[in-house]
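Below: the structure, in structure tokens.
Residues take their numbers from the sequence shown, with the count starting at 1. No experiment lies behind these values; they were computed from the predicted model shown. Counting starts at 1 for both ligands and their atoms, following the listed order.
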Amino acid sequence: MLNLVIFGAPGSGKGTQSAKLIDKYGLYHISTGEVLRDHIARYTELGKLAKEYISKGHLIPDDVIIELLDDVLNTEAAAKNGVVFDGFPRTIPQAEALEKLLEKRGTKVSGVIGLEVPEEELVERMLKRGQETGRADDNVDTIKNRLEVYRNQTMPLMEYYTGKGLYMPINGTGVVDEIFDSITDNIEKIK
Ligand code: AMP
């Protein structure tokens, strides 16, 4: 099993690189952001709750998102060679929960790919994505909050995973395929 966490600020390219990873290694892609956006589009109860948080750039409460992940792991994910976790974990309690959820299934996190991109470039990329896709939280005010939330609640995970010997820093700027090559070079070392 190859269980990868793809880690980075909003706009760092997690979705783009995840798509390439699942293709190359036959992994199951879990993007908590995408799962939530799907709930919003279907007007579910979870979707209504998620919309409140996402539109402000805040995180969905840990207990809600952990339960959601547990459910997703019980579905098709089990049939694959492993999972790419994209946008999860985003807090230390989520990382601890992930460890337990995987342990329960007899597996663990193989490595954490940290896409490192300077903040000015993140903002530029998200504004462009907002224009191209109409993604509702890619607007100036929400982006500001999302970056602050990232700095305060998510960045501590870098140290957390470095301490466990799992963090692999990747320069997330430049050409998509070259970034992907440096990711796969790192993965070959842990396979
Ligand atoms: P993303 O598509 O990963 O950028 O996520 C979009 C938004 O969904 C985030 O700004 C959060 O509001 C919410 N979200 C996604 N994943 C999580 C998570 N693991 N914990 C809490 N909120 C999340």
**Request:** Answer yes or no on whether K164 is positioned over the face of Y160, meaning its NZ or CZ is under 6.0 Å from the six-membered ring centre and within 45° of the axis.
**Result:**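 Yes, K164 sits over the ring of Y160.
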
Inspect the surroundings of CD in E96 and state if more than 12 heavy atoms from other residues, nucleotides or ligands are less than 6.0 Å away.
->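 Result for CD/E96: enclosed.
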
Rounded to the nearest 0.5 Å, how far does CD of Q153 lie from CD1 of I92?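 Spacing of CD1 (I92) from CD (Q153) equals 11.0 Å.
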
Could you grab the distance from atom CZ of R129 to atom CD1 of I143, nearest 0.5 Å is fine?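 Those atoms lie 8.0 Å apart.
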
_Strictly under 4.0 angstrom, heavy-atom based: which residues surround ligand 1?_
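These residues qualify: T32, G33, L36, R37, I54, H58, L59, I60, I65, G87, F88, R90, Q94, R135, D137.
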
- Query: Hey, any chance Y25 and I179 share a hydrophobic cluster, counting ILVMFWY side chains that come within less than 4.5 Å of each other, even indirectly?
  - Reply: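 Hydrophobic grouping puts Y25 with I179.
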
key: salt bridge (Lys or Arg N to Asp or Glu O under 4.0 Å): pairs with one or both residues in residues 4-27, sequence neighbours excluded   =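 Sorted pair list: K20-D177.
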
